[in-house]
Each structure stands twice: as C-alpha cells, then as structure tokens.
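One structure is given below, encoded as structure tokens.
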Amino acid sequence: MCGRFTLATPLDVLIEVFKIQEVDGAIQARCNIAPTQEIYALRDCSPRRLEPLRWGLIPPWAKGPEVGSRMINARCETVAEKPSYRRAFRGQRCLILADGFYEWKKEGRERLPYLFRRKDRRPFAFAGIWESWIPRDSKGSGGMQQADPVLSASLLTTEANALVEPVHPRMPVILQEEKSWEAWLRGPASLELLQELCRPLPSEGWLSHRVDKKVNKAGYEDPSCMDALEGEV
DNA sequence: CCAGACGTTGTT
DNA sequence: GTCTGG
DNA sequence: CCAGACGTTGTT
DNA sequence: GTCTGG
C-alpha cells in the first residue's frame, strides 16, 4: 500500500525530467504528503501540464468528498473491474509525481515508518487514475454560484519488490522512464500493456532506511522527516 | 423489484 | 452511475 | 498511511 | 472496535 510520500525536488528539475510544458498553481516542497491533501499530477501528454489534485478519488456519484478518503489506493489486479475505478482506469490515467514513499512495518504495537527512494534521488511517477466530481448545490448557495468540479486521484498498488517486502507486502506502481510515462498517459491502451506497466519495479537503484516516528503524524512536514535514523543506512 | 454498496490493508 | 444481494 | 474521535441538547 | 480527517 502507499499512504504517504514525498515530493521535495525543485520545480525546475521536475520540469526538465518530465518535460513539463505548463504549471498550474504554486507547488512547494513536500516531505510528508497525506491522503486528502494536494498532490501534483500530469493528466495528459500534450500539453504536459502539472496540476494539483486531491489525493483520494471521489467517484462521480459520491454525495460528498469524504468518500474519497478511503479511495487513496487501487489494486492493479482489480482496478479494471471495480465500479469506482474502472471508468477512470480506462480513460483517465495520470502520473503522480514523487521522489520517495513511506511504508510502515508493524513491530508488535509499534508502527515504524521507512522511506524508499532512488539512490540518485531522481523524481519518478506513481501510476494514477483521476476523476472529476461536481459538488451538489449546497444549501445556502441558492444556485447563485456553481461550484467548480473537484479533481481527485488514486494511485495503483502492486506486490512489493525485494526491497519493500521486508517492511510491507504491497507497494505503489512506479513508472520511472519516459517510455512508460508516455505509455500510461497516451490515449486508449491495451489491458495487456497496462498490466505490463503495473509489475513491481525492480529494486536496483533504490534504497530504504527507517525514519523517525514523527512522520506518522499527518501534517508534520519538517524536512527531517526524510532523515535516516541513527544506525540506519 | 428496491436497498445499499461502491476501497485497501492486514489479521488471531 | 452501476452492480450485487435479498 | 496514522491519529484521534466515537454524542446530544441547547446555548454566553 | 471502527470510522473520519489529514
């Protein structure tokens, strides 16, 4: 699973790595992105536009946005069939930008967070799906103003690779090459190709280390979140 | 037919 | 909206 | 994902 | 225990 991640790479580097052509809104370094918060995604190949989305896919039929708080992940094994996800999986895939992700290991009563990232610290993308949700006319508005649609997203999960497996049995679907970014975003794609892209990423070129439990608290964003605990590598 | 769910993880 | 369960 | 709340009535 | 909020 993946319930927290980081995106602390400077914007100019993201623009260069992902060939971003437009940037929507201000993006700031994030060390502990939590569900329901803003994430940054590319929804199209051309133009490649970086935009903020809400983490937690809100299906179009939802009565309120809180439905999205339990839709933060989609299993790649079932995403094509689940009523809440399949439409987005067919035609609304996105790349969620990241440069690290946290997974928790259960040790008795404790939940110990680990950070996973590339040795070279290059940013990468989670395979995501997005939806647009239109708020129902809220009671006092009297139809005066139509609320804007809310864009939201889930990220796909797959089996853990050798590096993640000791900590947790699932990990996010990671795309780290231009070719796979293109393939994930590009129009209609065969189920076969998409399944291929969802295989667990090999661990070569990646590192993990334990981090402080202060990461457990959503909203704690100090850069020291990403520091290795003493005695860890 | 209507009502109710629609998701993932991990578990003694 | 669409599917499942009763 | 983890942390924190988990309830109603009626009100200075 | 289970749900909601971040």
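Under the side-chain hydrogen bond (donor to acceptor under 3.5 Å, both in side chains) criterion, A:Thr157 pairs with A:Arg170, not counting sequence neighbours. For A:Arg86, the side chain to side chain contact (heavy atoms under 4.5 Å, CB included) partners two or more places apart in sequence, or in a different chain, are A:Pro83, A:Arg90. Annotation: side chain to side chain contact (heavy atoms under 4.5 Å, CB included) contacts of A:Ser69 (sequence neighbours excluded): A:Thr36.
A:Trp206 places no side-chain N or O within donor-acceptor distance of the main-chain N or O of A:Leu163, the cut-off being under 3.5 Å. Using a distance-only test at 3.5 Å, with no hydrogens or angles considered, no donor-acceptor pair links the side chain of A:His168 to the main chain of A:Lys106.
Nucleotides E:dG5 and D:dG7 are separated by 12 Å at their P atoms, to the nearest Å. Look at the P atom in both B:dT8 and D:dC1: the space between them is 12 Å, to the nearest Å. Between B:dC6 and E:dC3, the distance separating the two P atoms is 11 Å to the nearest Å.
When hydrophobic clusters are built by joining Ile, Leu, Val, Met, Phe, Trp and Tyr residues whose side-chain heavy atoms come closer than 4.5 Å, directly or via intermediates, A:Ile174 is grouped together with A:Val13. A:Leu115 is not connected to A:Phe101 by any chain of hydrophobic side-chain contacts under 4.5 Å among Ile, Leu, Val, Met, Phe, Trp and Tyr, and they are in different clusters.
Across every strand in view, B:dC1 sits in a pair with C:dG6 that passes the Watson-Crick or G-U test at under 3.5 angstrom. Under the Watson-Crick and G-U wobble criteria, each requiring two contacts below 3.5 Å, nucleotide B:dT8 is left unpaired.
Looking at heavy-atom distances under 4.0 Å, A:Thr157 makes contact with sugar-phosphate atoms alone, never a base.
Heavy-atom contacts of chain A under 4.0 Å fall on DNA chain D between two terminal nucleotides, which in 5' to 3' order are D:dC1 to D:dG4. When DNA chain C is scanned in the 5' to 3' direction for atoms under 4.0 Å from non-hydrogen atoms of chain A, the outermost contacting nucleotides are C:dG1 to C:dC3.
Relative to the ring axis of A:Trp104, A:Arg111 does not place its NZ or CZ within 45° and under 6.0 Å from the centre.
Non-hydrogen atoms lying under 4.0 Å from DNA chain D are contributed by A:Asn216, A:Lys217, all within residues 212-222 of chain A.
Relative orientation of the A:Tyr114 and A:Phe116 rings is tilted, given thresholds of 30° and 60° on the angle between their planes.
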